[in-house]
Asker: 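Can you keep this structure in mind? I'll have questions shortly.
All values below were derived from every heavy atom in this structure, side-chain atoms included, with hydrogens, water molecules and symmetry-related copies excluded. Chain letters run A, B, ... following the sequence lines, proteins first, then strands; residues in each count from 1.
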Protein chains: 2
Amino acid sequence: MEYMYNELLKTSGLSVTQQRLSILNALSNFNQPATIEQLAQTIDIHINTSTIYRSLRVLVDAGIVYQTDFRDGVSYFEFQEDHHHHVVCTSCGKQERIDVCIGTHVPKIEKSTGYTITNHMLEFFGLCKNCS
Amino acid sequence: MEYMYNELLKTSGLSVTQQRLSILNALSNFNQPATIEQLAQTIDIHINTSTIYRSLRVLVDAGIVYQTDFRDGVSYFEFQEDHHHHVVCTSCGKQERIDVCIGTHVPKIEKSTGYTITNHMLEFFGLCKNCS
DNA sequence: TATATATTTGCGAAATATTTGCAAGTTATT
DNA sequence: AATAACTTGCAAATATTTCGCAAATATATA
């Protein structure tokens, strides 16, 4: 497991540090997007908050971690490989997973813009059954 | 023009206030997502910043305004009806428009989740040609 | 049209997430 | 083994966004 993350970092050209390994390990304990605060509570060693922020940015930019936003003022993070999207109720905040895939658009966009796309962000907002 | 926004608010069941009309009017001067700060500079009357935040939230929740996030710490706003998505370079920050439509997925998601979807957020991230 | 009710605004202050600079510590390279 | 490159911890700063409350404005009712 640890070894896996080790390879993951190296393959992306990133330095392998204990902090990054621990962050990845903590991420694997969530099956939904986690906030920085939630991650900090789960990480097995003490890591300074700034470091968590900096590490996550690097991991997101490398396409290893998925970052998203539910319009509640905090960033959420999830493993890229099993990331998924949500509908969020703008009234009560309730979230529900959906299995909409947007990945098929990526090659087309890369071709038309010349960008190398490492990740994306997709969330739907509206009113849930109760709040409607 | 003013009258149009008037109707727009009423149709959504929102109160018509001078502040909201001015915000909508300011929004129409941008053809790309604008920050709160950019909007404040463009609005023709003085509106307190808190009010801009509150008004935009209401307008977004009503599906009139599109809100998005480029991972730079600020929220961006655009008219919902002519909103579009982007690729953002995670190195230099450069943005480019794309014309990917996600609207077709909405009815399917509404059916499967029971939510009434008013808007969504979609942005792609990666490296631009220069930064690759 | 006048009155009552509901909603919105302004103001200042507070909360809170996130970023920065720099020295020390770690990791990668030669 | 030594040098260079990168990452981390710490504390403080930055900046966006939210909150409470009284006054103002908008909508609904009579």
Side-chain angles (χ1 to χ4, degrees), chain A residues 2-3 5-26 33-41 43-62 64-65 67-77 90-91 93 121, chain B residues 2-3 5-26 33-41 43-62 64-65 67-77 90-91 93 121:
Chain A
E2 287 279 296
Y3 180 69
Y5 299 144
N6 206 303
E7 285 304 304
L8 190 59
L9 291 169
K10 276 189 183 157
T11 307
S12 302
L14 303 177
S15 299
V16 177
T17 69
Q18 192 53 53
Q19 287 85 343
R20 288 176 182 174
L21 291 175
S22 292
I23 289 172
L24 290 174
N25 197 52
T35 63
I36 298 267
E37 199 187 352
Q38 291 174 321
L39 284 172
Q41 291 174 346
I43 293 170
D44 50 3
I45 58 175
H46 172 74
I47 306 181
N48 188 275
T49 309
S50 309
T51 303
I52 304 182
Y53 275 99
R54 281 186 287 221
S55 299
L56 282 171
R57 161 157 308 171
V58 168
L59 294 169
V60 168
D61 288 353
I64 295 172
V65 170
Q67 175 178 355
T68 193
D69 182 291
F70 295 135
R71 294 184 181 156
D72 61 355
V74 210
S75 294
Y76 287 83
F77 302 89
T90 55
S91 175
M121 178 192 289
Chain B
E2 286 279 297
Y3 180 69
Y5 300 144
N6 207 303
E7 285 303 305
L8 190 58
L9 291 169
K10 277 190 182 159
T11 307
S12 302
L14 302 177
S15 300
V16 178
T17 68
Q18 192 52 54
Q19 287 85 344
R20 289 178 180 171
L21 291 174
S22 291
I23 289 172
L24 290 173
N25 196 53
T35 63
I36 297 267
E37 199 187 352
Q38 291 174 321
L39 283 172
Q41 291 174 347
I43 293 172
D44 50 5
I45 59 175
H46 171 74
I47 306 183
N48 187 275
T49 309
S50 309
T51 302
I52 304 182
Y53 276 97
R54 283 185 288 218
S55 299
L56 283 171
R57 159 152 315 167
V58 168
L59 294 169
V60 168
D61 288 353
I64 295 171
V65 169
Q67 175 177 357
T68 194
D69 182 292
F70 296 135
R71 294 184 182 156
D72 61 355
V74 211
S75 294
Y76 287 82
F77 301 89
T90 55
S91 175
M121 179 192 287

Asker: Does a side-chain N or O from A/Thr17 land closer than 4.0 Å to OP1 or OP2 of D/dT8, or not?
Answerer: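 Result: yes.
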
Asker: With sequence neighbours excluded, tell me which residues meet side-chain hydrogen bond (donor to acceptor under 3.5 Å, both in side chains) with A/Ser75.
Answerer: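 A/Ser75: side-chain hydrogen bond (donor to acceptor under 3.5 Å, both in side chains) contacts with A/Gln67.
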
Asker: Assess the residue pair A/Val74 and A/Ile36 against the criterion (side chain to side chain contact (heavy atoms under 4.5 Å, CB included)); give the C-alpha distance rounded to whole Å, side-chain angles, the decisive distance to 0.1 Å, and a yes or no.
Answerer: CA-CA 8 Å; A/Val74 210; A/Ile36 298 267; 5.8 Å; no

Asker: Given D/dA26, D/dT17, D/dC10, which nucleotide is nearest the side-chain atoms of B/Ser15?
Answerer: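 Selected nucleotide: D/dA26.
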
Asker: Please report the distance, rounded to the nearest Å, between OH in B/Tyr76 and P in D/dT16.
Answerer: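 In whole Å, D/dT16 P and B/Tyr76 OH are 10 Å from each other.
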
Asker: Within residues 53-61 of chain A, which residues have any heavy atom lying less than 4.0 Å from an atom of DNA chain D?
Answerer: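 Residues of residues 53-61 of chain A that come under 4.0 Å of DNA chain D are, in numerical order, A/Arg54, A/Ser55.
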
Asker: Can you measure B/Asp72 atom CG to D/dT16 atom P for me and round it to whole angstrom units?
Answerer: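 In whole Å, D/dT16 P and B/Asp72 CG are 10 Å from each other.
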
Asker: Report all side-chain donor-acceptor pairs from residues 46-53 of chain A shorter than 3.5 Å, counting only partners two or more places apart or in another chain.
Answerer:
{"from": "A/Asn48", "atom 1": "OD1", "to": "A/Ser50", "atom 2": "N", "distance (Å)": "2.9"}
{"from": "A/Asn48", "atom 1": "OD1", "to": "A/Ser50", "atom 2": "OG", "distance (Å)": "3.2"}

Asker: What's the spacing between A/Met121 CE and B/Asp69 CG if we round to 0.5 Å?
Answerer: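 The distance works out to 4.5 Å.
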
Asker: Using modelled atom types only, decide if a donor and an acceptor are shared between the side chain of A/Gln41 and the backbone of A/Gln38 within a distance under 3.5 Å.
Answerer: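 Judged by distance alone, no pair lies under 3.5 Å.
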
Asker: Can you name the side chain to side chain contact (heavy atoms under 4.5 Å, CB included) partners of B/Asp61, sequence neighbours left out?
Answerer: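 Listed in chain order: A/Thr90, B/Arg57.
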
Asker: Between D/dT16 atom C1' and B/Gln38 atom CD, what is the distance in whole Å?
Answerer: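 So the CD-C1' distance, B/Gln38 to D/dT16, works out to 15 Å.
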
Asker: Tell me: NE2 of A/His46 to C1' of D/dG9, nearest whole Å?
Answerer: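 A/His46 atom NE2 is separated from D/dG9 atom C1' by 8 Å.
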
Asker: Taking only N and O in the side chain of A/Gln19, is any of them less than 4.0 Å away from OP1 or OP2 of D/dG9?
Answerer: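 Yes, such a contact exists.
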
Asker: First contact, last contact: which nucleotides of DNA chain C are these for chain B, 5' to 3', heavy-atom distance under 4.0 Å?
Answerer: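 Here the contact window of chain B covers C/dT7 to C/dG12.
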
Asker: How long is the line joining NZ of B/Lys10 and P of D/dT27, in whole Å?
Answerer: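 Spelled out: NZ on B/Lys10 to P on D/dT27 is 7 Å.
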
Asker: Of all the heavy-atom pairs spanning A/Tyr5 and A/Leu21, show the shortest one and how long it is.
Answerer: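 Closest pair (atom of A/Tyr5, atom of A/Leu21, distance): CB-CD2, 3.6 Å.
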
Asker: Decide yes or no for A/Val60 and B/Arg71: does some side-chain heavy atom of the first lie under 4.5 Å from some side-chain heavy atom of the second?
Answerer: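 Yes, at least one pair of side-chain atoms sits under 4.5 Å.
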
Asker: Could you say whether B/Gly73 or B/Val16 is positioned toward the 5' end of DNA chain D, judged by the nucleotide with the nearest heavy atom to each?
Answerer: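 Closer to the 5' end of DNA chain D: B/Gly73.
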
Asker: Do B/Leu24 and B/Leu9 touch side chain to side chain, with heavy atoms closer than 4.5 Å?
Answerer: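 With C-beta onward as the side chain, the pair touches.
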
Asker: Going by heavy atoms in the side chains, are B/Thr68 and B/Phe77 under 4.5 Å from each other?
Answerer: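 B/Thr68 vs B/Phe77: side chains apart.
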
Asker: Holding to side chain to side chain contact (heavy atoms under 4.5 Å, CB included), I want the full list of residues that pass it with B/Ser12, two or more places apart in sequence or in another chain.
Answerer: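 So B/Ser12 forms a side chain to side chain contact (heavy atoms under 4.5 Å, CB included) with B/Leu14, B/Ala62, B/Ile64.
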
Asker: So do B/Asn25 and B/Ile43 actually touch side chain to side chain, heavy atoms under 4.5 Å?
Answerer: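 Not touching, per the 4.5 Å side-chain cut-off.
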
Asker: Quantify the bending of the helix from C/dT1-D/dA30 to C/dT30-D/dA1 as the angle between its end axes, each fitted on five pairs, to 10°.
Answerer: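 The end axes of the helix from C/dT1-D/dA30 to C/dT30-D/dA1 are about 60° apart, to the nearest 10°.
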
Asker: Keeping B/Arg20 on the side-chain end and B/Ser15 on the backbone end, is there a donor-acceptor pair under 3.5 Å?
Answerer: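 Between the backbone of B/Ser15 and the side chain of B/Arg20 there is a qualifying donor-acceptor contact (under 3.5 Å).
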
Asker: Over how many whole Å does the gap from B/Ile36 atom CD1 to D/dT17 atom P extend?
Answerer: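 Rounded to whole Å, this separation is 6 Å.
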
Asker: Report the residues that fulfil ring-ring contact (aromatic ring centres under 6.0 Å, His included) with B/Tyr76, sequence neighbours left out, ordered by chain and then residue number.
Answerer: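 Applying ring-ring contact (aromatic ring centres under 6.0 Å, His included) to B/Tyr76 gives B/Phe70.
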
Asker: Can you check nucleotides 11-13 of chain D for protein contacts, nitrogen or oxygen pairs under 3.5 Å, and list what you find?
Answerer:
{"from": "D/dA11", "atom 1": "N6", "to": "A/Ser50", "atom 2": "OG", "distance (Å)": "3.1"}

Asker: Nearest whole Å is fine: how far is D/dT16 P from A/Arg71 CZ?
Answerer: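 In whole Å, D/dT16 P lies 19 Å from A/Arg71 CZ.
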
Asker: Where each residue is assigned the nucleotide of DNA chain C containing its nearest heavy atom, which of A/Ser75 and B/Leu14 is assigned the position nearer the 5′ end?
Answerer: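 Closest to the 5' end, via its nearest nucleotide, is B/Leu14.
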
